[in-house]
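Naming convention: chains lettered A, B, ... in sequence-line order (proteins, then strands); numbering from 1 in each chain.
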Protein chains: 2
Amino acid sequence: MGRKSLKEARKKEIIKVFYGLAKKNGLENTSIAKIAAKMEINPSLIIHYFQTREDLVYGLVDYILDKYKLIYKVSAAHSKDSRKALLEIIGNIFSKKWNALFDDGLFYGCYAMAFHDAKVRDLYKKLLDSLREMLIGHIEQCREDGVLDIEDVETVADNIFVLIDGAYFYLSLVSDKNEYEHRLAKYRQQALSILHLKELSEVAG
Amino acid sequence: MGRKSLKEARKKEIIKVFYGLAKKNGLENTSIAKIAAKMEINPSLIIHYFQTREDLVYGLVDYILDKYKLIYKVSAAHSKDSRKALLEIIGNIFSKKWNALFDDGLFYGCYAMAFHDAKVRDLYKKLLDSLREMLIGHIEQCREDGVLDIEDVETVADNIFVLIDGAYFYLSLVSDKNEYEHRLAKYRQQALSILHLKELSEVAG
DNA sequence: TTATAAATTGAATGAATGTTCAATTAATTT
DNA sequence: AAATTAATTGAACATTCATTCAATTTATAA
């Protein structure tokens with residue numbers, strides 16, 4: 001009996017507001033009090049759900065990494081065709097839509113925490129490793145299906161993986177829209193070149 | 001007349017202590033008071049030299065980016081031989097010594113600030129662009145000297161540039177020494193492959 | 001030695017921080 | 001209706017924060 005718990009839903013609400021404010025003003029300028037003010041609730045309610053600010057930040061990191069994971073999602077339509085699946089992933093990764101859906105500033109802000117917080121470090125490490133494994137899996141599948149001419153799958157996957165991180169890193173500073181798209185296209189090309197593939201025109205959406 | 005100014009030297013001292021503390025505890029956990037305590041001086045002295053905390057942070061960013069620039073330095077010995085100069089740069093970049101000399105955590109922490117601070121953004125953008133230009137210059141020189149078989153210099157430079165950023169990004173999370181060195185070697189190999197060069201055994205130090 | 005200018009201290013400020021605890025309000029079950 | 005459980009508030013806490021200002025110490029040149 002008693003009232004039914006809103007715990008999980010409420011925690012997510014709080015983290016979303018946290019995310020929004022931190023995106024605008026930076027992680028270091030976003031306090032519990034400010035989140036509470038924005039939500040028009042009492043600061044102690046936030047502490048009620050997350051016992052400490054530290055836990056709240058861990059929640060944000062989870063939230064951010066979950067979003068990041070989406071970049072590697074494959075649509076059901078291509079899940080049977082390994083070649084199309086891989087091309088979709090490459091196409092997705094090097095598409096400008098992430099610019100709107102995902103905030104790089106927070107991604108790097110939280111990443112910086114990994115250097116003095118073991119828990120954050122583990123979260124990032126595990127995520128990145130799982131994404132790389134996923135990429136290896138897709139490429140391996142393509143090779144088995146005979147649609148990809150590659151010797152060392154791991155090395156190829158690794159080079160693409162690093163290309164992604166580096167591309168995202170630099171692109172975050174490019175504000176000119178045309179330059180942004182131009183570079184994005186170049187990086188995609190480079191990814192395909194690493195895979196020994198030509199430019200993709202067949203796979204759209 | 002009057003006392004001679006220690007301003008610049010003192011500012012640098014303060015920033016070095018700032019750097020040291022922020023490296024250990026994170027940027028967000030390093031206050032003016034803590035820096036002052038570590039130096040056994042009065043907090044107001046720090047404000048005397050840097051008018052606001054904001055300015056102090058800008059000073060730190062400058063300091064960090066200056067260090068980062070060193071990665072691209074070419075020793076005098078190789079400055080006449082474009083091929084050796086390029087190989088030295090590649091060798092330098094993908095060497096583990098930066099792990100000790102340079103703190104990636106702060107680099108990313110400050111980088112995150114670029115997303116909501118125009119000044120920091122400009123500092124990073126200008127530095128990265130100048131480094132890329134530098135790389136283009138070296139590669140272009142090699143091509144002119146006929147020691148490099150490359151069509152599109154800018155694209156090649158860009159791909160290496162992005163490889164560097166991506167490599168640094170992921171390597172920051174690799175704590176196992178053997179894996180670290182193994183990956184580093186792989187990334188260097190990939191850089192040379194982009195340049196259409198074989199593994200370098202001739203250039204040491 | 002005296003004037004000068006910079007270095008440095010020390011005390012004080014108000015605002016914001018994260019966190020606590022007890023009290024109250026609002027659902028849901030018996 | 002009564003009991004129960006969770007949501008939420010509100011007041012208070014000690015700490016820390018960046019910053020201020022006036023006072024003092026210290027070095028240098030005239």
If you pin Arg3(B) and Ser44(B) to their nearest nucleotides in DNA chain C, which one's is more 5'? Arg3(B)
Does dA7(C) have OP1 or OP2 sitting under 4.0 Å from an N or O in the side chain of His48(B)? yes
For a quick check of understanding: with a heavy-atom distance under 4.0 Å over all strands, which category does Ile32(B) fall into, base, sugar-phosphate or nothing? sugar-phosphate
More than 12 heavy atoms of other residues, nucleotides or ligands under 6.0 Å from CD of Glu154(A): yes or no? no
Spacing between Met39(A) atom CE and dT8(D) atom C1', to the nearest angstrom: 12 Å
Residue whose nearest DNA chain D nucleotide is more 5′ - Lys4(B) or Asn29(B): Asn29(B)
Toward the 5' end of DNA chain D, which comes first, Glu54(B) or Gly2(B), by nearest nucleotide? Glu54(B)
Quick one: does NZ or CZ of Lys12(A) land under 6.0 Å from the six-membered ring centre of Tyr63(A), within 45 degrees of the ring axis? no
Looking only at side-chain N and O atoms, does Arg10(B) come under 4.0 Å of OP1 or OP2 in dA6(C)? no
Using atom CD1 of Ile47(A) as one end and atom P of dA7(D) as the other, report the distance to the nearest whole Å. 16 Å
Distance test, side-chain N/O of Tyr49(B) to OP1/OP2 of dA6(C), below 4.0 Å: no
Have a look at Leu6(A) and say if it touches a base, only the backbone sugar-phosphate, or nothing, with a 4.0 Å heavy-atom cut-off. sugar-phosphate
Quickly work out the Lys34(B) NZ to dT15(D) P distance and round it to whole Å. 15 Å
dT24(D) C1' sits how many Å from Asn42(B) CG, rounded? 12 Å
So, Glu140(A) and Arg143(A), do they make that salt bridge, N to O below 4.0 Å? yes
Establish, for the pair Lys119(A) and Tyr58(A), whether the NZ or CZ atom is under 6.0 angstrom from the six-membered ring centre and no further than 45 degrees off its axis. yes
Ile35(B) has an atom CD1; how far is it from atom P of dC17(D), in whole Å? 10 Å
Once you apply a heavy-atom cut-off of 4.0 Å, does Thr52(A) come out as touching a base, just sugar-phosphate, or nothing? sugar-phosphate
Rounded off to whole Å, could you give me the CD1-to-P distance for the Ile41(A) and dG10(D) pair? 12 Å
Check whether any side-chain nitrogen or oxygen of Ser31(B) sits under 4.0 Å from OP1 or OP2 of dC17(D), and answer yes or no. yes
May I have the distance from Ile46(A) (atom CD1) to dA7(D) (atom C1'), rounded to whole angstrom? 14 Å
Rounded to the nearest Å, what distance is computed from the CD atom of residue Glu28(B) to the P atom of nucleotide dT17(C)? 15 Å
Of dT9(C), dA18(D), dT19(C), the nucleotide closest to the side chain of Leu45(B) is dT9(C)
Test: Asp152(A) and Lys186(B) ion pair at under 4.0 Å: yes
